[in-house]
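The structure that follows is given in the form of structure tokens.
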Amino acid sequence: MKPLVLTEALRKAAQRCVWFEPPETAVADPAKLAAYIFTYGGADDASALREQYGEEDIMIVLDAAPPGIYDARSWAYWNLVVGRYTPPSMPIRRL
């Protein structure tokens, strides 16, 4: 997975969507940051991430998604964006 550069736009997106940890920490885990942005962020937040990640990169972060963050609607939408018309099952927590 390609590392993210903490631009000003991505910093603002991380502060808004991953409010419980510093942006420097959030950007270290691209799959988790993408999950929070794609679920709780707005268009500007998603654009900040998409400045660095194309469709192939988004597919990679979706495949590495941590369980428990995506809701069904966001999961279906972002899989549709990358061309998966039938999305794979959402990640689930195993206890």
Side-chain angles (χ1 to χ4, degrees):
M1 185 173 322
K2 178 167 89 171
L4 291 166
V5 176
L6 189 58
T7 63
E8 189 57 33
L10 192 58
R11 176 183 295 280
K12 288 178 183 178
Q15 287 172 330
R16 227 182 339 268
C17 300
V18 192
W19 54 268
F20 51 87
E21 64 186 33
E24 295 78 14
T25 304
V27 87
D29 187 351
K32 180 178 160 188
L33 178 59
Y36 277 104
I37 288 175
F38 289 161
T39 303
Y40 302 110
D44 291 340
D45 302 321
S47 292
L49 185 63
R50 295 201 68 187
E51 286 176 4
Q52 298 182 47
Y53 275 6
E55 283 187 19
E56 189 173 313
D57 299 311
I58 292 172
M59 194 175 298
I60 292 169
V61 296
L62 287 171
D63 289 341
I69 299 173
Y70 281 99
D71 57 27
R73 184 177 182 182
S74 300
W75 181 252
Y77 175 78
W78 285 104
N79 275 283
L80 181 65
V81 166
V82 297
R84 294 178 179 165
Y85 299 110
T86 302
S89 298
M90 288 178 46
I92 55 172
R93 288 191 178 146
R94 306 235 185 254
L95 298 178

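Since we're looking at a predicted model, the values are computed, not measured. Both backbone and side-chain heavy atoms feed into the values below; hydrogens, waters and symmetry mates do not.
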For Ala9, all residues meeting side-chain contact (heavy atoms from CB on, under 4.5 Å), sequence neighbours excluded = Thr7, Ala48

Qualifying salt bridge (charged side-chain N to carboxylate O under 4.0 Å, His left out) pairs with a residue from residues 66-81, counting only residues at least two apart or across chains =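 Listed once each, the pairs would be none.
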
With sequence neighbours excluded, tell me which residues meet ring pair (Phe, Tyr, Trp, His ring centres under 6.0 Å) with Tyr85.
->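 Tyr85 satisfies ring pair (Phe, Tyr, Trp, His ring centres under 6.0 Å) with no other residue.
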
Side-chain donor-acceptor contacts of residues 52-61 below 3.5 Å, not counting sequence neighbours, with atom names and distances?
| unit_1 | atom_1 | unit_2 | atom_2 | d |
| --- | --- | --- | --- | --- |
| Gln52 | OE1 | Val5 | N | 2.7 |
| Gln52 | NE2 | Val5 | O | 2.7 |
| Tyr53 | OH | Lys2 | O | 2.2 |
| Asp57 | OD2 | Lys2 | NZ | 3.4 |
| Asp57 | OD2 | Gly54 | N | 3.2 |

Got a sec, which residues hit side-chain contact (heavy atoms from CB on, under 4.5 Å) with Tyr40, two or more places apart in sequence or on another chain?
-> Tyr36, Ile69

Check the hydrophobic clustering (I, L, V, M, F, W, Y; side-chain heavy atoms under 4.5 Å; chains of links allowed) and say if Tyr77 and Phe38 are grouped together.
->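 Same cluster: Tyr77 reaches Phe38 through Ile, Leu, Val, Met, Phe, Trp or Tyr contacts under 4.5 Å.
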
Transitive ILVMFWY cluster of Ile92 at side-chain heavy atoms under 4.5 Å: who else is in it?
-> none

Look at the side-chain heavy atoms of Ile, Leu, Val, Met, Phe, Trp and Tyr, link any pair under 4.5 Å apart, and say whether Leu33 and Leu6 land in one connected group.
->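 Same cluster: Leu33 reaches Leu6 through Ile, Leu, Val, Met, Phe, Trp or Tyr contacts under 4.5 Å.
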
So how far is it from Leu10 CG to Gln15 CD, rounded to the nearest 0.5 Å?
->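 Output value for this atom pair is 10.0 Å.
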
Under the side-chain hydrogen bond (donor to acceptor under 3.5 Å, both in side chains) rule, collect the residues that match up with Asp29, sequence neighbours excluded.
->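 Expected list: none.
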
Under a 4.5 Å side-chain heavy-atom rule over Ile, Leu, Val, Met, Phe, Trp and Tyr, are Met1 and Val81 clustered together?
-> yes

Would you say the side chain of Phe20 lies within less than 4.5 Å of the side chain of Val18, judging by non-hydrogen atoms?
->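 In short, these two side chains touch, coming nearer than 4.5 Å.
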
For Glu21, enumerate each residue passing the salt bridge (Lys or Arg N to Asp or Glu O under 4.0 Å) test, keeping only those at least two apart in sequence or located in another chain.
->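 In terms of salt bridge (Lys or Arg N to Asp or Glu O under 4.0 Å), with neighbours along the sequence ignored, Glu21 is linked to Lys32.
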
Can you name the salt bridge (Lys or Arg N to Asp or Glu O under 4.0 Å) partners of Arg84, sequence neighbours left out?
->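 Only Asp63 meet the salt bridge (Lys or Arg N to Asp or Glu O under 4.0 Å) criterion with Arg84.
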
Partners of Asp44 by side-chain hydrogen bond (donor to acceptor under 3.5 Å, both in side chains), sequence neighbours excluded?
->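 Here no residue qualifies.
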
Check side-chain contact (heavy atoms from CB on, under 4.5 Å) between Pro91 and all other residues, then give those that pass, not counting sequence neighbours.
->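 With sequence neighbours excluded, Pro91 shows a side-chain contact (heavy atoms from CB on, under 4.5 Å) to Ala65, Pro67, Trp75, given in chain and number order.
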
Heavy-atom closest pair (Ala31 atom, Ala64 atom, distance to 0.1 Å) is CB-O, 3.5 Å

Rounded to the nearest 0.5 Å, how far does CG of Leu62 lie from CG of Asn79?
->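 With rounding to 0.5 Å, CG (Asn79) is 5.0 Å from CG (Leu62).
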
By side-chain hydrogen bond (donor to acceptor under 3.5 Å, both in side chains), which residues pair with Thr39, not counting sequence neighbours?
->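 In terms of side-chain hydrogen bond (donor to acceptor under 3.5 Å, both in side chains), with neighbours along the sequence ignored, Thr39 is linked to no residue.
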
